[in-house]
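What follows is a set of notes on a single structure, which appears directly below.
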There are 2 protein chains.
Amino acid sequence: MRLSPDQTTELAEMLHVMGDANRLRILLVCLDEERAVGAIADELSLAPSLVSHHLRLLRAARLVRARKQGKQVFYLAADDHVRSVIGDLVAHVAEPPESDHTHDDHRGGAD
Amino acid sequence: MRLSPDQTTELAEMLHVMGDANRLRILLVCLDEERAVGAIADELSLAPSLVSHHLRLLRAARLVRARKQGKQVFYLAADDHVRSVIGDLVAHVAEPPESDHTHDDHRGGAD
DNA sequence: AATACATTTGAACACCTGTTCATATATCAT
DNA sequence: ATGATATATGAACAGGTGTTCAAATGTATT
């Protein structure tokens with residue numbers, strides 16, 4: 001199954017936005033239930049300003065949607081499509097690692 | 001389904017490595033069949049040096065494995081786990097943008 | 001109107017990242 | 001041995017990125 005160059009770029013951009021720890025945490029927090037910016041900041045112990053900055057990128061990537069209510073703005077995963085993708089990812093990470101290692105490659109020195 | 005802080009960081013790092021267009025292309029090229037560095041570089045029109053650099057990151061993230069044969073080094077997706085994750089992502093991106101929404105809630109004011 | 005609260009915005013900073021180039025290492029052939 | 005091929009490595013540069021701070025915007029309450 002192959003992707004077009006455009007689709008590959010699109011996927012890379014999506015992964016790039018999700019590939020930040022704080023942004024991923026924010027996305028996970030408002031994946032299934034609406035969350036206000038302040039609530040997210042409070043739960044993750046992050047500055048509201050920082051959360052807002054990340055939320056803007058998540059919104060630009062169409063990963064979350066915003067709903068304004070009074071003074072607060074509630075964020076939620078954009079749609080079931082996003083929830084499904086994240087769900088798959090989370091499921092794979094939550095799974096135990098494979099034990100089908102025929103041979104172990106040498107430790108790569110990541111600097 | 002929630003992840004531990006460590007698992008969340010781990011996932012973010014994995015997404016971060018995949019979140020580069022060239023790196024993702026490289027990963028896709030050697031997802032199901034072994035590919036030598038030169039072959040990847042040739043197919044993607046990238047400098048072998050650049051491919052090697054990216055391959056090192058992919059290897060450090062345990063996303064690909066290397067098998068040396070003579071002068072060439074063949075790379076392949078690390079395991080079925082990785083193939084499954086990438087497969088899911090590709091499938092989601094390859095899907096048509098509209099899915100069967102039984103109820104269409106949250107109308108977005110995205111800029 | 002003024003105050004307090006929630007969120008956003010922009011600038012500034014330090015840090016990281018992708019790429020290129022030159023060079024090194026390894027392997028095969030002559 | 002030399003030379004050619006394949007890959008890896010390191011330095012260096014340009015540009016991007018996350019974070020913080022201060023200030024702005026919007027919104028409800030008094």
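So you know, we letter chains A, B, ... as the sequences are listed, proteins then strands, and number each from 1. The structure displayed is predicted, hence computed values, not measured ones.
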Minimum heavy-atom distance A:Leu24-B:Ala12, with the two atoms named:
CD2-N, 3.7 Å
Provide the closest heavy-atom pair for A:Val17 versus A:Leu58 in the form atom of the first, atom of the second, distance.
CG1-CD2, 3.7 Å
Would you mind reading off the distance between [X] atom [atom1] and [N] atom [atom2], rounded to a whole angstrom?
X       : N      : atom1 : atom2 : answer
B:Ile40 : D:dA6  : CD1   : P     : 14 Å
A:Arg67 : D:dT27 : CZ    : C1'   : 15 Å
A:Leu15 : C:dG18 : CG    : P     : 13 Å
A:Leu58 : C:dT8  : CG    : P     : 12 Å
B:Leu46 : C:dT19 : CG    : C1'   : 10 Å
A:Gln72 : D:dA28 : CD    : C1'   : 11 Å
B:Glu13 : D:dG18 : CD    : P     : 14 Å

So do A:Ile86 and A:Met18 actually touch side chain to side chain, heavy atoms under 4.5 Å?
yes
[options]: which one has an atom nearest the side-chain heavy atoms of [X]?
X       : options                : answer
A:Ser52 : C:dT8, D:dG10, C:dT27  : C:dT8
A:Arg56 : C:dT9, D:dG26, C:dG18  : C:dT9
B:Arg59 : D:dT9, C:dT7, C:dG18   : D:dT9
B:Val73 : C:dT19, D:dA8, C:dT8   : D:dA8
B:Leu57 : C:dG18, D:dA6, D:dA11  : C:dG18
A:Ser49 : D:dT19, D:dT20, C:dT20 : D:dT20

Taking 5.5 Å and 30° as the limits, would you call B:His53 and the base of C:dT20 a stacked pair?
no
List the steps, then state whether side chain to side chain contact (heavy atoms under 4.5 Å, CB included) holds for A:Asp88 with B:His92.
CA-CA 10 Å; A:Asp88 286 346; B:His92 278 291; 3.4 Å; yes
Take A:Leu76 and A:Arg83, measure what side chain to side chain contact (heavy atoms under 4.5 Å, CB included) needs, and give me the verdict at the end.
CA-CA 10 Å; A:Leu76 179 67; A:Arg83 267 180 288 272; 4.1 Å; yes
For [X] and [N], is the shortest distance between a side-chain N/O and OP1 or OP2 below 4.0 Å?
X       : N      : answer
A:Asn22 : D:dT19 : yes
B:Lys68 : C:dT27 : yes
A:Tyr75 : C:dA6  : no
B:His54 : C:dT17 : no

Is A:His16 side chain donor-acceptor paired with the D:dG16 base, going by distance under 3.5 Å alone?
no
